Amino acid sequence: VQLQASGGGFVQAGGSLTLSCAASGRAVYSYGVGWFRQTPGKEREFVAAISWELSTDYADSVKGRFTISRDNNKNTVSLQMNSLKTEDTAIYYCAADRWAATNLQGRTYDYWGQGTQVTVSS
């Protein structure tokens, strides 16, 4: 499966953005999909994930602000980001793993898309 992340941009603190991860090559319904982010000099960190069975998991830092969802008919997974903070600034990546249902934060994802930059200004 190939993944294409989009939807990044510039936004003021408190604003919202929606990221989209479009899958091609295979139907995304059989994949767990996660969002990760990375800033220069820091390790990549988990943000949110949704299993193929529709269970979700979130990093503590984004709980209550971010919502992950999937539309299997459109072969996409979205990340709605509200109440954005300057510390949310990063390159965001989506990743997929076949039949992923558990340990969404710690598992190894086999497929990765290119990143999309999110910049939150104060």
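Everything numeric in this text was worked out from a predicted model, so none of it was measured.
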Verify salt bridge (Lys or Arg N to Asp or Glu O under 4.0 Å) between Asp88 and Lys85, making sure each step is shown before the conclusion.
-> CA-CA 5 Å; Asp88 294 319; Lys85 305 175 181 180; over 6 Å; no
Once you round to the nearest 0.5 Å, how far does [atom1] of [X] lie from [atom2] of [Y]?
| X | Y | atom1 | atom2 | result |
| --- | --- | --- | --- | --- |
| Asp110 | Asp97 | CG | CG | 4.5 Å |
| Gln105 | Glu45 | CD | CD | 10.0 Å |
| Ile68 | Gln80 | CD1 | CD | 12.0 Å |
| Gln12 | Thr119 | CD | OG1 | 13.0 Å |
| Leu79 | Thr67 | CG | OG1 | 8.0 Å |
| Thr76 | Gln4 | OG1 | CD | 13.0 Å |

Would one find more than 12 heavy atoms of other residues, nucleotides or ligands at under 6.0 Å from atom CD of Glu43?
-> no
Is the count of non-hydrogen atoms from other residues, nucleotides or ligands lying under 6.0 Å from Arg26 atom CZ greater than 12?
-> no
If I compare all heavy atoms of [X] with all of [Y], which pair ends up nearest, and what's the gap?
| X | Y | answer |
| --- | --- | --- |
| Gly34 | Tyr109 | N-CE2, 3.7 Å |
| Ala90 | Thr39 | CB-CG2, 3.5 Å |
| Ala23 | Leu3 | CB-CD2, 4.0 Å |
| Thr86 | Ser121 | CG2-C, 4.0 Å |
| Val33 | Cys21 | CG1-SG, 4.5 Å |
| Ser83 | Ser16 | N-OG, 4.4 Å |

Are the side chains of [Y] and [X] in contact, using a 4.5 Å heavy-atom criterion?
| X | Y | answer |
| --- | --- | --- |
| Leu104 | Ser51 | yes |
| Thr89 | Arg37 | no |
| Val28 | Trp52 | no |

Got a donor-acceptor contact below 3.5 angstrom from the Arg70 side chain to the Leu54 backbone?
-> no
Tell me whether [Y] is reachable from [X] by hopping between hydrophobic residues (I, L, V, M, F, W, Y) whose side-chain heavy atoms are closer than 4.5 Å.
| X | Y | answer |
| --- | --- | --- |
| Ile91 | Val120 | no |
| Tyr93 | Val1 | no |
| Val11 | Trp35 | yes |

Do the rings of Trp112 and Phe36 sit parallel, tilted or perpendicular, given the 30° and 60° boundaries?
-> tilted
When the ring planes of Phe66 and Tyr92 are compared, do they come out parallel, tilted or perpendicular, using 30° and 60° as the limits?
-> tilted
After noting the C-alpha distance and the side-chain angles of Val77 and Tyr31, does the key distance pass the side-chain contact (heavy atoms from CB on, under 4.5 Å) rule?
-> CA-CA 10 Å; Val77 173; Tyr31 290 83; over 6 Å; no
